[in-house]
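Below is one structure, written out as C-alpha cells; the observations come after it.
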Amino acid sequence: MTVFLFYLCSVIAVLSAAGVILHPQPTRALLSLIVTMFALAVLYLLLGAPFLAMVNLIVYAGAVLVLFLFVIMLLGVGAKDAPLKERFPLIHILFSLVIGGAFIAALAFLLRGGKQTLTAFEGTVELIGRRLFTQYLLPFELIALLLLVGIFAAISLAKKDEGDL
Amino acid sequence: MIPVSHYLILAGILFGMGLLGIMLRRNLLLILLSVELMLNAANLTLIAGSALHGNVDGQIMAFFVMVIAAAEVTIGLAIAVLLFRKESSVDTSVIENLKG
C-alpha cells in the first residue's frame, strides 16, 4: 500500500511539474503546481511528517500560491507566456534540455546506491512545537522578523506615489 | 518500504524540472513559479533526510524554508507588479535597461 501510494504520487508530482514548466497559460501552470503540492503532501505523510504535510497545503498551496494566482489574474492579458518557438532560438532550447537532462541523470546516478530504509518516526505537532520554542527559538523569532521586513518591503515597493502611506 | 534514495531521486527530478522551467520560461511570474517548484524539491529532500536519521531537525528546516519561500514570493510579486506598471508586460525580454 505504501509502495503503491509512493509511485502513484511521484508520477502525479512529475507529470504536474511537467505541466508547470510547459503549459502556455500561467493560471493553468499554477494549478499544476497546486496538484504537485497535493502529491508532495501525501509523500510527506508517507515520510512521517503530518504537521508539515498540512502546513504545506494550508500555507504554501492555500495562501502563497493563491496570492500568486491573484497577481497573475490582476495582470490579466499581460501575464501570458510567448509560445516556445518564438521565445528562444532552437539551439537554446535544445541546449537547456540537454543540461537539464544531464543534471537529472547525474543526480539519479549519484543517489542510486543508498538502500537504507526509513526509520519509523512521526513529526507530530507536539514534537515540532516543542522544538520550535525551545531548541530553535532564535531562528523562529528571526523568520518572524523576516516576514515583517518582507511585508514592509512589499508595501513600500508597490504603493503608488501619493505620500499617504 | 521505500528506500530513501527513491525519495531523493524524485526530489532531484523535481529540482531538475524547476531548473528547466527557469531556463525555458520567459514570463517573470512563471520563472518565479519554477523557483517555487525547486524549493518544494528541496523540502522533500529535507523531510526525507529527517526520516532517514530519525530526527525532527529536517522537518523544522523544511518549515523554515516554507516561511522563507512565502516572504520571497511576496517581494518577487511586488517586483513583478512594478515591472508591469512600468512596461505593461512581465516578459523578461523588456528588461534591457542595463544591456551593454
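Just so we're on the same page: letters track the sequence lines, and every chain starts at 1.
Across all non-hydrogen atoms, the minimal contact from B:R25 to A:A29 is NH2-CB, 3.9 Å. Pairing each heavy atom of A:M37 with each of A:L57, the nearest pair is O-CD2, 4.1 Å.
A:Q135 meets the side-chain contact (heavy atoms from CB on, under 4.5 Å) test with A:R131; sequence neighbours excluded.
For B:N55, the part lying under 4.5 angstrom from a heavy atom of chain A is the backbone only. With a 4.5 Å cut-off on non-hydrogen atoms, B:V67 touches chain A through its backbone and its side chain both. Of the two parts of A:V59, neither the backbone nor the side chain holds a non-hydrogen atom closer than 4.5 Å to a non-hydrogen atom of chain B. With a 4.5 angstrom heavy-atom cutoff, B:L82 touches chain A only via side-chain atoms. With a threshold of 4.5 angstrom between heavy atoms, B:L28 does not approach chain A through any atom at all. Contact annotation for A:A153: only side-chain heavy atoms (C-beta onward) come within less than 4.5 Å of a heavy atom of chain B. Residue contact with chain B, scored on non-hydrogen atoms closer than 4.5 Å, involves the backbone and the side chain of A:L97 alike. For B:I47, the parts lying under 4.5 angstrom from a heavy atom of chain A are both the backbone and the side chain. At a 4.5 Å heavy-atom cutoff, the contact between A:L157 and chain B is made by backbone and side-chain atoms alike. B:L14 touches chain A through its side chain: at least one heavy atom from C-beta onward sits under 4.5 Å away, while N, CA, C and O do not. The contact between A:L30 and chain B is made by backbone and side chain atoms together, counting heavy-atom distances below 4.5 Å. Using a 4.5 Å cut-off between heavy atoms, B:L10 touches chain A through its side chain atoms alone.
Looking at B:Q59, its side chain does come within 3.5 Å of a backbone N or O of A:G48 through a donor-acceptor pair. Under the 3.5 Å distance criterion, the side-chain polar atoms of A:S156 are matched with a main-chain donor or acceptor of A:F152. Formation of a donor-acceptor pair under 3.5 Å by the B:R85 side chain with backbone atoms of A:A158 is found in this model.
When the options B:I68, B:V65, B:V73 are evaluated for a side chain to side chain contact (heavy atoms under 4.5 Å, CB included) with B:L39, the one that passes is B:V65.
Note on A:A144, A:A13, A:S10: by heavy-atom pairs under 4.5 Å with chain B, the leading option is A:S10. Of the residues considered (B:A11, B:A41, B:A62, B:G16), B:G16 shows the highest number of contacts with chain A, using heavy-atom pairs under 4.5 Å. Interface remark: of the candidates B:I79, B:V56, B:L19, B:V56 forms the most heavy-atom pairs closer than 4.5 Å to chain A. Your options are A:G150, A:G100, A:S96, and the one with the most heavy-atom pairs under 4.5 Å with chain B is A:S96. Among A:Y136, A:F51, A:Y7, A:F6, the residue making the largest number of heavy-atom pairs under 4.5 Å with chain B is A:F6. Ranked by heavy-atom pairs shorter than 4.5 Å toward chain B, the options A:N56, A:L107, A:L52, A:V64 are led by A:L52. Of the listed residues (B:V81, B:I22, B:N43), the one with the most heavy-atom contacts under 4.5 Å to chain A is B:N43.
Hydrophobic clustering of Ile, Leu, Val, Met, Phe, Trp and Tyr side chains at less than 4.5 Å, counting indirect connections, keeps A:V11 apart from A:V14.
In this model, no donor atom of one side chain and acceptor atom of the other lie less than 3.5 Å apart for A:S32 and A:S16. Residues B:D91 and B:S89 bring no donor and acceptor atom of their side chains to less than 3.5 Å of each other.
Listed by first and then second residue, the side-chain hydrogen bond (donor to acceptor under 3.5 Å, both in side chains) pairs involving residues 65-82 of chain B amount to none (not counting sequence neighbours).
Checked against a 6.0 Å centroid threshold, the rings of A:F140 and B:F64 do not count as neighbours.
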